[in-house]
Every structure is written in C-alpha cells, then in structure tokens.
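Working notes for the structure below.
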Amino acid sequence: MRYAILADIHGNLDAFRAVLKDIEDRGGVDELWCLGDVVGYGPEPSACLSLLMEYPHVCVAGNHDWAAAGRIDTADFNQDAAAACEWTAGQLTSPEKEYLQNLPLTVTRGDFTLAHGSPRDPLYEYIFSYLSAEDNLRSLGTAHCFVGHTHVPAVFLSAEGICRKQPLPPVLRLGGRSIINPGGVGQPRDGDPRAGYAIYDDAVRVIYSYRVPYDIAAVQEKMNRAGLPEYLSLRLSDGL
Ligand code: ZN
C-alpha cells in the first residue's frame, strides 16, 4: 500500500491541488495521511476540507483546526494567526466545524503514530531539535511517527541509542526508530516556497519526499481580497 503524508495544508487550495495532481502523476496512493492544520492562514478552508473528503483519508487535529472550530482558544497564537483564525471560523459551516472538532489528537497506523506537533503534546509542541525528538521517541508506542506543525521537512533518526536530526532526503529507507516531518503543503517554512509532502510505500518500507510548484501569486491575490493579514500572504513567496 502507498500513503501520501500531508501536513499543514492551511486553507491553501492551489497548493493542495498541485500536490494531489503530483500524487496522481506518480501512480496515486491508497490513502491520505493528513497531519492536521487543514485550515488556518489560507483563503479557502472549506474547499480544502471538501477536497480532503473526496479521498480515503485519516486526519489528526492541528492547533489551527481546533481553534477555528472553537474547541481551543487562540491565546497562544500570534496576532496574524489569531486574525486568520477568526476569519477562518467565519467561513466554516457547522458540519465543517463539527468534523474539525472531532478530529483525534493522534492516530496509529501499523508501526506509525500520526500527530500534528508531537506524539506527547500533539497540538502545541514543535519538534525542531533532536532532544525533543529523543524525549518523544522514549514514550512512543510505535517505531515511527509522522509529525507536521513546524512546516520544515526533517527526519529524527534514533539508532543504537543515538538520536540524530537530518534534512529529509528524497528517498528514506526506514530503519531504527524515527520521527519524520514531510514539510508543509500550504505554507512551507524551510526557504523553499514549493509545497512539500511525502509518499510512504509500505511494501519496500521507503518514504519518498517531494516538492511541488504551484501558483503562489494566485493564492496571494485571494488572500488580499479576503483581507487576510499581508504578512501571511507575503511569506508564501519566501517559503518562510
Ligand atoms: Zn501549521
């Protein structure tokens, strides 16, 4: 079976569509594994949710998903994120909010745990360092974990008691225990503005990571028209 690993779509329909087209061009997948933050920041939250529903998928809750659905508050959000969240909440229908409210914090699939931020603190913890990865791996009930939240592709690999951080390579053979971040679909933050995602093929135990160009200017225009904070649209071109 093949699975597409998608994190942080963030209401960016153009990026999401470009990624889905890329997946089809590569032979398709059996299921989407969505790591949360389907909405927030971007101009088309409802359309992103509808598109996700068209595919067999599992999805965990991101902080923006629960905040836009009213399940948590935005006390931890910066000003732009809180403004975008409020705008997003005004766009979503009741069934869409209900779907987001009911998203689980973690999901287990085979020897993978799926979480938005981290397995021990799914909504809020950012795994940037090998130290936090190591702490999370210690209490992890599966060998591997996919996370999003940082919007930065990376792999934290623990073998023979040593945990190391490395950039996510184009082809990663699973070994040891690991935490893997496929990067962000709708708001990449590693300096590469192209949408990031991964495909996991369990027959060969390999994770392939990809970057996909999309029409950033079109999304920025939609964001400006919606009155979303300017910084949020500008950062899409920088991928930061
Ligand atoms: Zn996010």
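Keep in mind that what you see is a predicted model, and the values were worked out from it rather than measured. Note that ligands are numbered from 1 as they come in the structure, with each ligand's atoms numbered from 1 the same way. Positions are given from 1, in the same order as the sequence printed here.
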- Note on the structure: By salt bridge (Lys or Arg N to Asp or Glu O under 4.0 Å), Arg26 pairs with (sequence neighbours left out) Asp22
- Task: Apply salt bridge (Lys or Arg N to Asp or Glu O under 4.0 Å) to Glu125 and list each qualifying residue two or more places apart in sequence or on a separate chain.
- Result: Arg120
- Query: Would you call the rings of Phe146 and Phe112 parallel, tilted or perpendicular, where under 30° means parallel and over 60° means perpendicular?
  - Reply: parallel
- Quick one: name the protein N/O/S atoms under 2.8 Å from the Zn ion (ligand 1), chain by chain. Asp8 OD1, His10 NE2, Asp37 OD2, His151 NE2
- Is the CZ atom of Arg205 crowded by more than 12 outside heavy atoms at less than 6.0 Å? yes
- Item | Parallel, tilted or perpendicular: ring planes of His64 versus His10, cut at 30 and 60 degrees | perpendicular
- Which residues pass the side chain to side chain donor-acceptor pair (under 3.5 Å) test with Glu221, sequence neighbours left out? Arg225
